[in-house]
Amino acid sequence: MTDQMQQESSQPLKDLAGHGLDWPALFATRAERMKASEIRELLKLLDQPDVISFAGGIPDPALFPADAFSAALTSALTGDTKGAALQYSVSEGYRPLRDWLVTRMASLGVDCTADNIMITSGSQQALDYLGKLFLSPGDTALVGWPTYLGALQAFNAYEPGYDRLTPLGNRSAEDYRETAQAKGGKVKVAYASADFANPTGETLAESARERILDLATELDIAVIEDAAYQSLRYDGAEIPPLLALDIARNGGIENTRTIYCGSFSKTLAPGLRVGWVCAAKPVITKLVLMKQAADLHSATLNQMAIHTVASNGFDQQVAKIKATYQARRDAMLAALARHMPEGVTWTRPDGGMFVWVTLPEGFDGAALLAESLKTERVAFVPGKAFFADGSGANTIRLSFSCASEAMIEEGIMRLGRVVRGG
Ligand SMILES: Cc1ncc(COP(=O)(O)O)c(C=O)c1O
């Protein structure tokens with residue numbers, strides 16, 4: 001904020017002092033758990049030119065297929081489609097895009113029809129709707145420790161409790177059930193990002209995916225599969241999504257309990273806000289009713305543009321961005337090995353955008369960030385916010401998606417200096 005802006009915005013506040021309503025007293029109880037996200041605050045730092053930022057987990061804008069979008073938008077607005085492009089539309093989503101997704105899901109081992117797919121405004125909207133659909137106050141959501149902060153934010157509005165999903169741990173279904181009862185509700189969903197999770201970058205082995213499905217079956221709960229990064233694999237063989245494994249066990253999508261949330265944000269463009277849910281029809285039917293109530297439908301023009309760009313070259317676009325991100329991931333892993341002192345460990349992601357760093361006990365990621373910004377102008381996300389129980393103070397998340405290899409080397413070298421000093 002510039003000084004001038006500060007002056008302009010503080011003036012009316014001064015005038016209102018003493019006359020404001022007690023807004024928190026009016027807000028519903030669910031609003032108490034809506035807190036500003038550390039990540040959103042940090043995104044502001046990306047604008048400062050001298051900061052090397054590993055903070056925002058966002059795609060590199062230089063890689064957006066802007067020309068392809070420009071042509072697709074022009075064509076949607078000039079051809080026979082221009083009326084439809086600007087008109088209200090159905091809540092399920094633009095049919096040609098849903099048909100394209102049926103083929104895409106088939107390539108992942110998910111046999112479904114367009115009736116199993118609803119388009120959402122980004123996969124974030126799907127997480128909100130699923131929280132609304134499944135979680136009554138006091139119910140339990142099983143999540144990773146750590147997990148995607150945006151999932152916690154989406155679910156928090158529905159006032160659940162959380163318990164730790166440990167796919168390879170030996171906790172029994174009965175143990176989960178009793179813990180949920182003690183919190184005043186039932187276990188309702190397990191949320192998992194199987195490929196290149198945010199924030200750890202880790203991928204669940206097929207056995208871990210099977211274990212989640214076993215546990216979900218024993219508990220008779222839904223599985224929310226967050227596949228936001230699934231297309232961004234740099235190493236190793238693809239592992240079937242949870243939904244594909246669920247179909248293989250149960251003979252068809254209508255018999256499954258897994259709800260797959262996909263997104264075009266990490267592959268094509270996040271600003272258009274287009275994602276999708278793929279699940280059994282009873283779930284889609286309810287989600288469509290929710291969408292009608294919430295925003296009627298996602299922007300038709302955006303769905304049309306995504307459909308055209310995806311149909312004309314989704315695989316080529318993904319191959320292009322993967323080559324860039326893979327080189328950046330390699331640069332970050334090499335720089336960490338060169339510059340981090342003994343006692344610091346990190347993940348080695350096979351894809352996605354993140355490396356998760358664990359510092360020795362006693363370190364505090366938030367304090368380290370303050371120091372790092374002050375002395376070395378390097379930004380990252382302190383890990384604590386990703387833990388539903390507030391633990392993980394000695395962890396940090398680094399994103400390699402937006403920095404050049406040279407910036408990664410320089411930034412990690414500087415970060416190494418901060419950690420040594422800490
Ligand atoms: C794991 C995960 N899920 C979902 C989202 C939401 O993405 P979008 O709403 O743009 O699809 C993100 C965004 O960063 C994410 O990291």
Side-chain angles (χ1 to χ4, degrees), residues 37-43 46 53-61 63-64 93 97 101 104 117-131 141 143-156 165 189-204 223-233 241-243 259-278 287 291 294-295 298-299 302-303 305-306 310 318 321 325 347 349-356 380-381 383 385-388 397-402:
S37 140
E38 247 170 299
I39 296 187
R40 296 280 169 264
E41 289 302 306
L42 278 165
L43 280 176
L46 296 178
S53 181
F54 304 129
I58 60 176
D60 184 341
L63 298 172
F64 292 149
L97 179 59
L101 283 166
R104 164 93 191 132
I117 291 177
M118 182 183 87
I119 305 296
T120 55
S121 298
S123 53
Q124 190 66 31
Q125 184 173 58
L127 298 179
D128 175 41
Y129 288 177
L130 292 169
V143 298
W145 246 231
T147 192
Y148 170 49
L149 172 59
L152 294 178
Q153 288 180 314
F155 299 158
N156 275 349
L165 177 64
V189 295
Y191 165 81
S193 214
D195 295 286
F196 333 122
N198 181 359
T200 63
E202 284 174 334
T203 295
L204 294 175
V223 175
I224 299 175
E225 174 169 31
D226 185 333
Y229 298 91
Q230 186 172 46
S231 302
L232 300 182
R233 176 177 280 282
L242 285 153
L243 179 55
I259 303 161
Y260 178 104
C261 305
S263 176
F264 288 104
S265 291
K266 315 298 174 182
T267 49
L268 298 185
L272 295 178
R273 312 301 306 128
V274 181
W276 71 97
V277 178
C278 182
L287 290 175
K291 193 153 175 69
D295 67 348
S298 296
N302 295 3
Q303 296 184 62
I306 289 276
V318 170
I321 61 175
Y325 292 151
T347 55
D350 285 335
M353 296 182 173
F354 307 107
V355 175
W356 181 247
F380 52 84
V381 181
F386 299 98
F387 288 81
R397 190 194 75 179
L398 302 175
S399 167
F400 51 80
S401 56
C402 281

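In this text the structure is predicted, and so the values were computed from the model without any measurement. Whatever order the structure lists ligands and atoms in, that order sets their numbers, starting from 1.
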Between SG on residue C261 and CD1 on residue I224, distance to nearest 0.5 Å: 6.5 Å

Rounded distance [0.5 Å steps], CG in D60 versus CE in M353: 9.0 Å

Is the shortest heavy-atom distance from the side chain of [X] to the side chain of [Y] under 4.5 Å?
X: I259; Y: L130; result: yes
X: T200; Y: F354; result: no
X: I119; Y: L101; result: yes

Shortest heavy-atom approach to atom 2 (C) of ligand 1 - which of N198, L272, L127, D226: D226

Heavy-atom proximity to atom 7 (O) of ligand 1, best of S123, G122, P59: S123

I want to know if ligand 1 touches [X] in the polar sense, i.e. an N/O pair below 3.5 angstrom.
X: S193; answer: no
X: Y191; answer: no
X: S121; answer: no

Contacts of S401 that satisfy side-chain hydrogen bond (donor to acceptor under 3.5 Å, both in side chains) - sequence neighbours left out: S399

Subset of ligand 1 atoms that lie under 4.0 Å from at least one heavy atom of [X]:
X: S263; answer: 8 (P), 11 (O)
X: S265; answer: 8 (P), 10 (O), 11 (O)
X: R273; answer: 8 (P), 9 (O), 10 (O)

Parallel, tilted or perpendicular: ring planes of W356 versus F386, cut at 30 and 60 degrees: perpendicular

Validation: residues 265-278 side-chain donor-acceptor distances under 3.5 Å, sequence neighbours left out:
unit_1 : atom_1 : unit_2 : atom_2 : d
S265   : OG     : S263   : OG     : 3.2
K266   : NZ     : Y229   : OH     : 3.4
T267   : OG1    : F264   : O      : 3.4
R273   : NH1    : P270   : O      : 3.1

Proximity of Y229 to ligand 1 by residue part, where a heavy atom lies under 4.0 Å: side chain

Part of M353 with heavy atoms under 4.0 Å of ligand 1, whether side chain, backbone, both or neither: neither

Contact check, Q125 vs ligand 1, heavy-atom distance below 4.0 Å: no

